[in-house]
Amino acid sequence: MSAPILSISGLRVKMGAQEILHGLDLACGKGEIVAVLGANGAGKTTLMRTISGVYRAGAGAIRFEGEDIANARSHDIVRKGLLQAPEGRQIFSNMTVRENLVLGGGALRGAEMDRVLELFPQLRDRLSQIAGSLSGGEQQMLCIGRALMQRPRMLLLDEPSLGLAPKIVQLIFNLVTRIREQGVSILIVEQNARAALKVADHAAVMEGGRIGLSGRASELASDPRVVELYLGGHA
């Protein structure tokens with residue numbers, strides 16, 4: 001792994017009296033894609049929301065480009081260049097595609113609009129369309145595009161393939177690779193292990209709020225435990 005842009009150590013997170021993350025360690029190198037796999041309830045979304053400042057860390061460190069951002073405010077984390085495309089897309093359904101992108105861009109909206117539309121040409125002809133009327137795949141593109149409008153140095157993708165047809169899943173993961181080629185580091189939480197491992201440099205498997213396995217994605221793709229649990233028994 002290259003020098004880390006994101007480094008997490010000893011992260012503990014509680015929801016009420018229940019501890020969800022139990023001293024978790026994870027890193028993502030600069031310019032790399034790291035995939036986090038795991039079953040429902042493993043703590044993946046809690047991890048992403050804690051990194052982005054939505055949830056509070058009870059203990060541990062989250063270092064982004066060397067600075068500890070554990071328990072920093074979400075908007076301060078965004079300003080540092082760490083953005084999330086959340087699970088369930090969470091677009092503004094009653095607003096147009098253009099309005100969603102403009103809200104995402106802030107002061108950078110003019111400079112970044114063309115770059116985002118070049119990456120997602122399907123959205124160019126739909127700028128005046130109400131976002132809630134887009135297909136599921138187009139809504140996911142809009143969700144990711146809105147995050148890219150802030151010109152992030154790192155992007156958190158939470159279940160980007162959720163509810164999408166296989167052909168659209170392939171398109172989304174091709175776009176993830178293109179985003180990385182533009183210099184954006186990516187941490188991706190995904191239940192579609194096969195698709196995630198194909199694009200990732202490194203991967204980790206979460207089990208019960210901890211990292212159970214980690215290593216190069218190509219190695220985990222052939223690990224018997226990963227094959228059995230996440231790849232349907234076929235590497």
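Along the sequence shown, residues are numbered consecutively beginning with 1. Keep in mind that the numbers below use all heavy atoms, side chains included, and drop hydrogens, waters and symmetry copies.
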Side chains of residues 163-178: which donor-acceptor partners sit under 3.5 Å, not counting sequence neighbours?
residue, atom, partner, partner atom, Å
Asn174, ND2, Gln170, O, 3.4
Thr177, OG1, Phe173, O, 3.3

With [X] via side-chain hydrogen bond (donor to acceptor under 3.5 Å, both in side chains) - residues at least two apart:
X	result
Asp76	Arg73, Arg79
Asp201	Arg180
Thr96	Glu99
Ser52	Gln84

Of all residues at least two apart in sequence or in a different chain, which pass the side-chain contact (heavy atoms from CB on, under 4.5 Å) check with [X]?
X	value
Glu219	Arg216
Ile77	Ile69, Ala72, Leu82
Ile20	Met15, Gln18, Thr46
Ala203	Ala35, Leu197, Ala217, Leu220

Is there a side-chain contact between [X] and [Y], using heavy atoms and a 4.5 Å cut-off?
X	Y	value
Val13	Leu11	yes
Ile211	Leu24	yes
Leu26	Leu187	yes
Leu213	Arg225	yes
Ile179	Ile144	yes
Ile186	Val34	no
Ser74	Val54	yes
Val205	Tyr230	yes

Would you be so kind as to tabulate the donor-acceptor pairs closer than 3.5 Å made by side chains of residues 123-132, with sequence neighbours excluded?
residue, atom, partner, partner atom, Å
Arg126, NE, Glu138, OE2, 2.9
Arg126, NH1, Gln122, O, 3.0
Arg126, NH2, Glu138, OE2, 3.2
Gln129, NE2, Ser133, OG, 3.0

Qualifying side chain to side chain donor-acceptor pair (under 3.5 Å) pairs, either residue in residues 53-67, two or more places apart: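 Every pair satisfying side chain to side chain donor-acceptor pair (under 3.5 Å) with a residue in residues 53-67: Arg49-Tyr55, Glu65-Arg153, Glu67-Lys80.
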Might you work through the side-chain hydrogen bond (donor to acceptor under 3.5 Å, both in side chains) test for Asn192 and Glu159, ending with a clear yes or no? CA-CA 8 Å; Asn192 189 330; Glu159 302 286 3; over 6 Å; no
Test: salt bridge (charged side-chain N to carboxylate O under 4.0 Å, His left out). Region: residues 5-26. Which pairs qualify, not counting sequence neighbours? Arg12-Glu19
What is the minimum heavy-atom distance between Leu101 and Gly145, and which atoms define it? CD2-C, 3.8 Å
To the nearest 0.5 Å, what is the distance between CD1 (Ile91) and SG (Cys143)?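 The CD1 atom of Ile91 sits 8.0 Å away from the SG atom of Cys143.
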State plainly whether the residues Glu112 and Arg115 are in salt-bridge range, i.e. N to O under 4.0 Å. yes
